[in-house]
Amino acid sequence: MADQPLRSVDDLIKAELIGENERAELSALEKRYAIALTPSVARLIDRDDPDDPIAAQYLPRVDELKEHPDERADPIGDQPHSPVEGIVHRYPDRVLLKLVHVCPVYCRFCFRREMVGPQGDGNLTKQQLATAIDYIASQQRVWEVILTGGDPLILSPRRLQDVAERLSKIEHVKILRIHTRVPAVDPARISDELIEALIQSEKLVYLALHANHPRELTSEVRAACTRLKNAGVVLISQSVLLKGVNDDADTLAELMRAFVETGINPYYLHHPDMAPGTSHFRLTIAEGQALMRQLRARVSGLCIPQYILDLPGGHGKVALGENAWKEVAPERYSILDRHGMEHLYP
Ligand code: SF4
């Protein structure tokens, strides 16, 4: 069993997670999209189940070579809202600060799959980071800074502490939010040193844990979350609704209950984005809405996340409540954005 990260088709074949017969097609795929699994994730995969929901999230498959005409390289429109390198400023009161473009795992449905990975945009240089922090300091309305990427918790505690301290000095920033998969895919990385680095900031620190299946909330993962919570970090969840992973109400109920039992408040359930080569993961909005109705019928209100669509083109997030959308043709929807403007989706 692997005790090192698996980072290539060759590694996956040696670990017997994919067959030698898949080498040729997947080698073409790995030139475009990065591959990585941590040892913890590799151990979670059920090799006897061809439809294993953990494998589906991380093991590359040839379906990724099929692109749908509605898919786009920048599905949620980060680029038009990027005033300086590393910043996305889409909403008046918050910015994304993208420090790194690498992750400990590469999710096969990732909405930033064209930007993350060793072949991606690279990390922010010292100068770019300084410019990004200056930009945040110059924007008085920015109340919250969201560290994302890539996965910011792949950085060393020293670098994280440096960023937290610099943001701490900006009076109008009150909240630091970190979007990460690390506590779920590499719980040992949540060391005392890393937690100390995060709480150096005088701001309230939120951590949005990305996990999509209840089996990802192992005892080690729950213990890592408890360490963060005990240090004063507020935990919220983010998941993606994915065909073949969590597209049934029982799995979603179990996932949301596992979050709540771990002290993580269910926050977002994302409708999958239009990232290239991900159509095999996508449900329709009507199917997602039906699942949300079934979820509401079976769990406590504590376990209900917001079902969210990020509108393509940078028009922002929309909560997919019953009145926010209507089907105008088979699998075509009219959706109102937060300003009341109508968009056709996809
Ligand atoms: S960890 Fe996040 S940014 Fe990295 S590949 Fe997965 S979804 Fe994408």
Side-chain angles (χ1 to χ4, degrees), residues 5-8 12 29-30 32-42 44-45 53-61 64 71-79 82 86 88 96-124 146-155 160 177-187 189-190 206-213 216-217 221 224-225 236-246 255 267-278 280-282 305 308-310 317:
L6 306 173
R7 297 191 182 282
S8 64
L12 296 178
L29 183 69
E30 80 177 326
R32 176 151 182 202
Y33 301 121
I35 294 171
L37 281 74
T38 57
S40 307
V41 165
L44 263 191
I45 291 176
I54 310 298
Q57 294 182 60
Y58 300 107
L59 294 184
R61 47 193 268 197
E64 293 173 48
E71 293 173 341
R72 15 180 130 183
D74 180 18
I76 68 167
D78 281 350
Q79 270 149 21
S82 182
V88 178
L96 304 185
L97 174 54
K98 299 202 273 186
L99 297 170
V100 289
H101 291 87
V102 289
C103 303
V105 289
Y106 290 105
C107 312
R108 307 323 300 170
F109 50 85
C110 176
F111 66 120
R112 295 206 177 104
R113 60 189 330 213
E114 298 278 4
M115 300 158 219
V116 298
Q119 79 281 34
D121 293 346
N123 296 346
L124 281 194
I146 301 168
L147 301 187
T148 181
D151 196 317
L153 293 196
I154 206 163
L155 290 171
L160 285 168
R177 187 187 341 161
I178 299 160
H179 278 218
T180 180
R181 265 252 206 221
V182 164
V185 300
D186 192 5
R189 199 172 172 86
I190 307 299
Y206 276 69
L207 184 144
L209 176 69
H210 175 182
N212 304 312
H213 192 275
E216 292 176 89
L217 280 280
V221 172
C225 292
I236 57 177
S237 76
Q238 52 166 348
S239 307
V240 187
L241 184 57
L242 297 165
K243 200 185 269 185
V245 175
N246 56 18
L255 173 64
Y267 179 52
Y268 275 167
L269 178 65
H270 291 273
H271 190 76
D273 292 310
M274 287 286 173
T278 62
H280 51 293
F281 285 113
R282 263 195 308 276
I308 290 288
L309 173 72
D310 235 309
K317 289 186 173 55

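Counting convention: from 1, in listed order, for ligands and their atoms alike. The structure displayed is predicted, hence computed values, not measured ones.
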key: Euclidean distance, Ile236 CD1 relative to Tyr268 OH, rounded to 0.5 Å   = 8.5 Å
note = Nearest non-hydrogen protein atom to atom 2 (Fe) of ligand 1, with distance, is His210 ND1, 4.3 Å
task = Give the contacting part of His179 toward ligand 1: side chain, backbone, both or neither, where contact means a heavy-atom distance below 4.0 Å.
result = neither
task = Examine Cys110 and say whether one of its N/O/S atoms is closer to atom 4 (Fe) of ligand 1 than 2.8 Å.
result = no
note = Taking only non-hydrogen atoms of Cys103 and a 4.0 Å limit, the atoms of ligand 1 in range are 1 (S), 3 (S), 4 (Fe), 5 (S)
key: Heavy-atom donor-acceptor pair, Arg282 side chain to Asp273 backbone, under 3.5 Å   = yes
key: Name of the residue among Pro183, Ser237, Ser239 meeting side chain to side chain contact (heavy atoms under 4.5 Å, CB included) with Leu209   = Pro183
message = Under 2.8 Å from atom 6 (Fe) of ligand 1, can any N, O or S atom of Cys107 be found?
response = yes
request  = Supply the atom-to-atom distance Leu255 CG to His213 NE2, rounded to the nearest 0.5 angstrom.
outcome  = 8.0 Å
task = Report, in ascending order of atom number, the atoms of ligand 1 lying under 4.0 Å from any heavy atom of Arg181.
result = 1 (S)
task = For the pair Glu71 and Arg113, find out whether any cationic side-chain nitrogen is under 4.0 Å from an anionic carboxylate oxygen.
result = no
